[in-house]
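Below is one structure, written out as structure tokens; comments come after it.
Reminder, nothing fancy here: chain letters follow the sequence lines and each chain counts from 1.
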Protein chains: 2
Amino acid sequence: MNSQHIKVACSSCNLRELCMPAGLDAGDLARIDAIVARRRKVKRRETLFRTGDPFTSLFAIRSGFFKTRVASEDGRDQVTGFQMAGEIIGLDGIVNDQHSCDAVALEDAEVCVMPFHQIEALSREVQALQRHVHQIMSREIVREHGVMLLLGSMRAEERLAAFLLNLVQRLHARGFSQSEFILRMTREEIGSYLGLTLETVSRTMSKFMSDGILDIDQRRVRIVDPEGLRRMINPPGC
Amino acid sequence: MNSQHIKVACSSCNLRELCMPAGLDAGDLARIDAIVARRRKVKRRETLFRTGDPFTSLFAIRSGFFKTRVASEDGRDQVTGFQMAGEIIGLDGIVNDQHSCDAVALEDAEVCVMPFHQIEALSREVQALQRHVHQIMSREIVREHGVMLLLGSMRAEERLAAFLLNLVQRLHARGFSQSEFILRMTREEIGSYLGLTLETVSRTMSKFMSDGILDIDQRRVRIVDPEGLRRMINPPGC
DNA sequence: CGTAGGCTTGAGAGGAATCAAGTGCGGTGG
DNA sequence: CCACCGCACTTGATTCCTCTCAAGCCTACG
């Protein structure tokens, strides 16, 4: 049993500026609280949901780190994203009332369970919530456009640089260091996300280290030369 | 001046089963009609909207064919999708109240303009519409997952086969042939979408032709061996 | 203290990019 | 109506980036 019926108020959550309640006033906030029926703990390597599971709820990540992945019939799989605290997960399930990807915790995690029919009901009444739900979905679409650009037109070094900059930027928005962080995922998972093999990811990281751009110790990464990393994406030759 | 104030009812539109009104009953249909403020013609090569344009409306494609593309600072660009009649375009603009990609007509086209604030207002009242808007956005997210799988883990032949099968399937849903169709886009645009060069697209198509899977004459494509095309995606070796 | 999983590094192969001609269709203008 | 021109496309030769296969290391964990 990994569900718990602990009541926690969005209004007192330190993620409220990043998460579901973002942009809502105090009055509406109280009504959002009612949506978060319960919280659920997910242990490392466990799935929050899998492909084919009936869709009932969206999940707001309260702590921990997830990956989402899709699989094709022939066993190939592709990591479609890494999600961290304050981000909403499960949007893929809305179309067909069942999930079309797996969400796997990369470390022990806790999520707020938000039954979707309640979100819909409340967003019919609270315009700010309706707007916010639309924005969350649109943001995901735009994010994926960026991934398509990365996968479709960038070389290995550019992909990895873009990935690391994106990661550190999102972590920084959550109060972490601008330059130092711990990778929650393996080289293989990074590779899957970036359309590269784990060897290429490893080699590219080693190159960044010998170039003096990064300092890497296992999963610990320190960005020594942020400008150099940004230059990797927009090659000086262009 | 490429805007026209022609009033056309969704209720009498032959795309109503595929488009915005899908799944709505007769009563709600009438209310949707009110949303489609006007229609707009877009000539071949013209843009419906560009990156940075203020976002005001979603567009339902009534006729014609579009591509959407994103550009990075250094001039690279990536085709993020091809859209045909009945599909909704412009969802990228919701997050930041401005568009983050370009929509370009690949042939003379006509779209129904649906002011987004009106969609929001009506979907607060009509639950079926609310549900449908959510589904449209979720469908786009899931579609992009599929593209990420394609770009991240497939080889050139697999990508092209998946692309052609997807195209013919969508065309078939609109009453066109299951086996024969006209490509509305250039080899270069296909290549951009699939993360390949135009030469590789051309070579791969030639190979499919010499394998007896396709019959190609310029933009005209006939799928001779649909099963063979499907086998390209799931290689027998797996 | 042993082991397994994650990671690094090397060597070689291969698939797609790049560079380079050349073809042919469609549109334009004489 | 026909000739010319440009753009899209095809095809070939070569390069190169990344994958694949392989070996060994390190570290965390039991």
Side-chain angles (χ1 to χ4, degrees), chain A residues 43-45 65 67 76-79 104 106-108 150-164 182-211 214-221 232 235 237-238, chain B residues 43-45 65 67 76-79 104 106-108 150-164 182-211 214-221 232 235 237-238:
Chain A
K43 285 216 155 58
R44 187 168 131 86
R45 285 169 216 265
F65 211 94
K67 70 171 175 185
R76 258 185 297 228
D77 69 340
Q78 170 75 25
V79 171
V104 184
L106 297 180
E107 57 180 358
D108 292 356
L150 179 146
L151 290 172
S153 73
M154 292 186 177
R155 11 201 83 274
E157 291 185 5
E158 301 171 319
R159 294 184 196 188
L160 190 64
F163 168 71
L164 293 172
I182 307 287
L183 292 171
R184 256 60 244 216
M185 67 295 281
T186 66
R187 306 290 193 261
E188 185 171 22
E189 287 163 337
I190 297 173
S192 172
Y193 182 60
L194 299 179
L196 302 169
T197 58
L198 71 96
E199 292 96 329
T200 301
V201 172
S202 177
R203 267 186 258 269
T204 307
M205 292 183 95
S206 298
K207 180 178 178 303
F208 283 173
M209 185 141 160
S210 70
D211 288 353
L214 297 181
D215 182 30
I216 304 167
D217 175 28
Q218 296 292 114
R219 301 280 182 97
R220 219 201 85 265
V221 176
M232 300 276 13
C238 299
Chain B
K43 283 216 157 57
R44 187 169 130 87
R45 285 167 217 264
F65 210 94
K67 70 172 175 184
R76 256 186 297 230
D77 68 343
Q78 169 76 25
V79 171
V104 184
L106 298 180
E107 58 182 356
D108 291 357
L150 179 147
L151 290 172
S153 72
M154 292 185 178
R155 7 203 87 275
E157 291 184 5
E158 301 172 317
R159 294 184 197 189
L160 189 64
F163 168 72
L164 293 172
I182 306 287
L183 293 172
R184 254 64 240 216
M185 66 294 281
T186 66
R187 305 291 192 261
E188 185 171 21
E189 286 162 337
I190 296 172
S192 172
Y193 182 59
L194 299 178
L196 302 170
T197 59
L198 72 98
E199 291 97 328
T200 299
V201 172
S202 177
R203 266 186 260 270
T204 307
M205 292 182 95
S206 298
K207 180 177 177 303
F208 283 174
M209 185 140 160
S210 70
D211 288 353
L214 295 181
D215 182 30
I216 304 167
D217 175 28
Q218 296 292 117
R219 300 280 181 99
R220 218 201 87 265
V221 176
M232 300 277 14
C238 298

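- If you measure from atom CG of A:L194 to atom P of D:dC19, you get 10 Å, rounded to the nearest angstrom.
- Distances shown here put every side-chain N or O of B:T197 at or beyond 4.0 Å from the OP1 or OP2 atom of C:dA16.
- Contacts between residues 186-193 of chain A and DNA chain C, counted as heavy-atom distances below 4.0 Å, involve A:T186, A:R187.
- Look at CE on B:M209: it is 15 Å from P on D:dC9, rounded to the nearest Å.
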Verdict with reasoning, B:F163 to B:L160, per side-chain contact (heavy atoms from CB on, under 4.5 Å): CA-CA 5 Å; B:F163 168 72; B:L160 189 64; 4.2 Å; yes

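- Whole-Å rounding puts the A:L196 CG to C:dA16 P distance at 15 Å.
- If you measure from atom CZ of B:R220 to atom C1' of C:dG26, you get 18 Å, rounded to the nearest angstrom.
- Without hydrogens or angle criteria, B:R184 side chain to B:L106 main chain gives no donor-acceptor distance under 3.5 Å.
- We find that CZ of A:R159 is positioned 7 Å from P of D:dT18, with the value rounded to whole Å.
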Using side-chain contact (heavy atoms from CB on, under 4.5 Å), reason through A:M232 and A:T204 one step at a time and then give a plain yes or no. CA-CA 12 Å; A:M232 300 276 13; A:T204 307; over 6 Å; no

Protein-to-nucleotide contact annotation, 5' to 3' order, nucleotides 22-30 of chain D [B base; S sugar-phosphate only; - none; under 4.0 Å, heavy atom]: -----S---

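- In terms of position on DNA chain D, the residue among A:A156 and B:I216 whose nearest nucleotide sits closer to the 5' end is B:I216.
- The closest donor-acceptor contact from the side chain of A:S192 to the backbone of A:E188 lies at 3.5 Å or more, if one exists at all.
- Closest approach of A:I216 to A:M209, counting heavy atoms only: N-SD, 3.2 Å.
- Note: A:D215 CG to A:R220 CZ = 5.5 Å, rounded to the nearest 0.5 Å.
- When atom types are taken as modelled, the side chain of A:R159 and the backbone of A:M154 share a donor-acceptor pair closer than 3.5 angstrom.
- For B:S202, whose side chain is taken as the heavy atoms from C-beta onward, the closest listed nucleotide among C:dA16, C:dA17, D:dC9 is D:dC9.
- How far CG of A:L198 is from CZ of A:R187: 9.5 Å, rounded to the nearest 0.5 Å.
- Rounded to whole Å, the distance from CE on A:M185 to P on C:dC7 is 11 Å.
- Rounded to the nearest 0.5 angstrom, A:L194 CG and A:Q78 CD are separated by 9.0 Å.
- Note that the OG atom of A:S153 and the CG atom of B:L196 stand 12.0 Å from one another [nearest 0.5 Å].
- If you check every strand for non-hydrogen atoms under 4.0 Å, A:L198 touches a base.
- When rounded to the nearest whole Å, the span between CZ of B:R76 and C1' of C:dA17 equals 14 Å.
- In terms of phosphate contacts, A:S206 brings a side-chain nitrogen or oxygen within less than 4.0 Å of OP1 or OP2 of C:dT9.
- At a threshold of 4.0 angstrom between heavy atoms, the contacts of A:R219 are confined to the sugar-phosphate backbone, with no base atom among them.
- Summary of helix geometry: the two end axes of the helix from C:dC1-D:dG30 to C:dG30-D:dC1, each defined by five base pairs via their C1' atoms, are inclined to each other by 40° (rounded to 10°).
- Comparing A:M205 and A:R155 by the nucleotide of DNA chain C whose heavy atom lies nearest to each, the residue mapping closer to the 5' end is A:M205.
- When the nearest nucleotides of DNA chain D are assigned to B:V201 and A:T200 by heavy-atom distance, the more 5′-ward of the two goes with B:V201.
- Of the possible donor and acceptor atoms, one in the side chain of B:S210 sits under 3.5 Å from a partner among the backbone N and O of B:K207.
- In this structure a side-chain-to-backbone donor-acceptor pair under 3.5 Å is present from A:D108 to A:R44.
- In this entry the distance linking NZ of B:K207 with P of C:dG15 reads 11 Å, nearest Å.
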